[in-house]
**Student:** 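The following block contains the structure, expressed as structure tokens.
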Amino acid sequence: MNKKSVLSGIQPTGNLHLGRYFGAIQNWVALQKQYDCKYSIVDYHAMTMPFKPTKLRQATWNTVFDLLACGIKEENLFIQSYIPEHTELAWVLGCMCSHGELSRMTQFKDKSQQIKDTDKSAFLSTGLFTYPVLQAADILIYKASKVPVGGDQDQHLELTRSIANRFNTVVGVEYFIMPETLHSKTPKILSTADPSIKMSSSKGDKHNIDLFAEPNRIRKQIRSAVTDSGDVPRDQMSPGVENLFTLMKAFAPGEKYRELLAGYRDGSLLYGELKQKVGDAVVNFTDPIREKRQEIEDNKRDYKKKIKESSAEIRKVAQQTLREVKE
Ligand code: TRP
């Protein structure tokens, strides 16, 4: 009881690859021990960019199943659109946020540019503009004190606090607490096919290793990782080799990692062996997660029912906040 509350959201877009797993999900799983956590699949946020309804519905459930397989507890997980109070609170908060503030959001500027670049006549939705207000509602409706997100979300969190402040000032009560950003140190995993860019879904299949991929595919991707011709001084590493060590450290920290590192430094380690060991480490780690994912896939209906129930349970908290806000 009375644990501090954590809230975060993830968009149901793209697959869950190793970079995303270590960048966010692993941390979300760990936080469950210490905090009262709520994690949302933000399907309404995913509608702000061009989307296909059937695909979005599928992606939403797939993300639910992926997160469950990784160890997010079902009672901590909900689908944003199942809790209409988020959008209702977003209306109230939208009236506490200026047009100018939203215009200054760099994510809005970047994404609208991205849309214009793909097609000049493309549709730029109002939802993309008001996106951060819905995000503020996601957070404030649960009076979350900690919000684990990447650095790209700092500006949205800053805005959330200024909206909360304005609300408090307007009503004359310190009603909303100020949510804090929770940054954790996470390994930065690069594309094995091109270690000059981050691992990512949007750049194509070869630029990400899917957490749920078959072991053979994972090994193959790691075997074909870009390295160097071996002429790099032993006290340095090329980006590709460093990335393999980053993976090793993430998946098998400790003894095995240190042995390989020593082998690199004294010049006895062949890249073929390094790749083999990294492949083993990744597959060892992902095996049980992939099996769990399969078990969930085979019992989809039960899991959907559970998530509908947890969403209904979490909704009660949102309803209470909205009642208080209206009062
Ligand atoms: N904007 C976040 C992202 O793109 C997703 C998000 C939506 C979120 N609502 C949230 C994150 C509430 C934290 C809290 O990553």
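Numbering of ligands and ligand atoms starts at 1, following listing order. Quick caveat: nothing in here was measured; it's all calculated off a predicted structure.
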**Student:** Can Ile83 be reached from Tyr131 by stepping across I, L, V, M, F, W or Y side chains whose heavy atoms are under 4.5 Å apart?
**Tutor:**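 Different clusters.
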**Student:** Please determine which of Arg161, Lys4, Lys146 meets the salt bridge (charged side-chain N to carboxylate O under 4.0 Å, His left out) test together with Glu180.
**Tutor:**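 That would be Lys146; it is the only one of Arg161, Lys4, Lys146 passing the salt bridge (charged side-chain N to carboxylate O under 4.0 Å, His left out) with Glu180.
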**Student:** Counting non-hydrogen protein atoms only, what is the nearest one to atom 10 (C) of ligand 1? Give residue, atom name and distance.
**Tutor:**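 Scanning the protein heavy atoms, the shortest distance from atom 10 (C) of ligand 1 goes to Gln135 CG, 3.4 Å.
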**Student:** May I ask you to identify, for Gln80, whether its side chain, its backbone, both or neither come under 4.0 Å of ligand 1 on a heavy-atom basis?
**Tutor:**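 None of Gln80 does.
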**Student:** Any idea which atoms of ligand 1 are less than 4.0 Å away from a heavy-atom of Leu7?
**Tutor:**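 Listed by number with element: 12 (C), 14 (C).
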**Student:** Any idea which of Tyr39, Tyr131, Tyr44 brings a heavy atom closest to atom 1 (N) of ligand 1?
**Tutor:**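 Nearest option to atom 1 (N) of ligand 1, by heavy atoms: Tyr131.
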**Student:** Backbone, side chain, both or neither: what part of Ile10 comes under 4.0 angstrom of ligand 1, heavy atoms only?
**Tutor:**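 Looking at Ile10 and ligand 1, no heavy atom falls under 4.0 Å.
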**Student:** What protein heavy atom lies closest to atom 5 (C) of ligand 1? Include the residue and the distance to one decimal.
**Tutor:**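 Scanning the protein heavy atoms, the shortest distance from atom 5 (C) of ligand 1 goes to Gly9 O, 3.7 Å.
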**Student:** Is the closest N or O pair between Gln107 and ligand 1 shorter than 3.5 Å?
**Tutor:**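 Not met; the criterion fails.
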**Student:** If the test is salt bridge (charged side-chain N to carboxylate O under 4.0 Å, His left out), which one of Asp210, Asp66, Asp298 qualifies with Arg293?
**Tutor:**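 Of Asp210, Asp66, Asp298, salt bridge (charged side-chain N to carboxylate O under 4.0 Å, His left out) with Arg293 is met by Asp66 alone.
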**Student:** May I ask you to check whether Gln153 and Gln135 show a side-chain donor-acceptor distance below 3.5 Å?
**Tutor:**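 The answer is yes; a qualifying pair exists.
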**Student:** Parallel, tilted or perpendicular for Tyr264 and Tyr271, by the 30°/60° rule?
**Tutor:**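 Tyr264 and Tyr271: parallel rings.
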**Student:** Taking only heavy atoms of His45 into account, list the atoms of ligand 1 that are under 4.0 Å away from them.
**Tutor:**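 Counting atoms of ligand 1 from 1, those under 4.0 Å from His45 are 7 (C), 9 (N).
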**Student:** Hey, which atoms in ligand 1 end up nearer than 4.0 Å to a heavy atom of Val147?
**Tutor:**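 In order of numbering, the contacting atoms are 13 (C), 14 (C).
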**Student:** Please say yes or no: joined through hydrophobic side-chain contacts below 4.5 Å, possibly via intermediate residues, are Met105 and Leu140 part of one cluster?
**Tutor:**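 As far as the 4.5 Å side-chain criterion goes, Leu140 and Met105 are connected within one cluster.
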**Student:** For Val149, counting its heavy atoms only, list the atoms of ligand 1 lying under 4.0 Å from any of them.
**Tutor:**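 Contacts of ligand 1 toward Val149, numbered from 1: 11 (C), 13 (C).
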**Student:** For Val42, counting its heavy atoms only, list the atoms of ligand 1 lying under 4.0 Å from any of them.
**Tutor:**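 Under 4.0 Å from Val42, ligand 1 has these atoms: 7 (C), 9 (N).
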**Student:** Please confirm whether Gln153 comes within less than 3.5 Å of ligand 1 when only nitrogen or oxygen atoms on both sides are compared.
**Tutor:**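 N/O-N/O distance under 3.5 Å: yes.
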**Student:** If hydrophobic clusters are built from ILVMFWY residues whose side chains come within less than 4.5 Å, do Val42 and Leu67 share one?
**Tutor:**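 No, Val42 does not connect to Leu67 through the hydrophobic network.
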**Student:** Which residue supplies the protein heavy atom nearest to atom 9 (N) of ligand 1, what is that atom called, and how far is it?
**Tutor:**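 Result: Asp138 OD2, 2.7 Å.
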**Student:** Hey, is Asp36 close enough to Lys38 for a salt bridge, meaning N to O under 4.0 Å?
**Tutor:**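 Yes, Asp36 and Lys38 are salt-bridged.
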**Student:** Report yes if some heavy atom in the side chain of Val29 is under 4.5 Å from a heavy atom in the side chain of Tyr39; otherwise report no.
**Tutor:**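 SC-SC contact between Val29 and Tyr39 ruled out.
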**Student:** Provide the number and element of each atom of ligand 1 under 4.0 Å from a heavy atom of Ile139.
**Tutor:**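 It comes down to these atoms of ligand 1: 12 (C), 14 (C).
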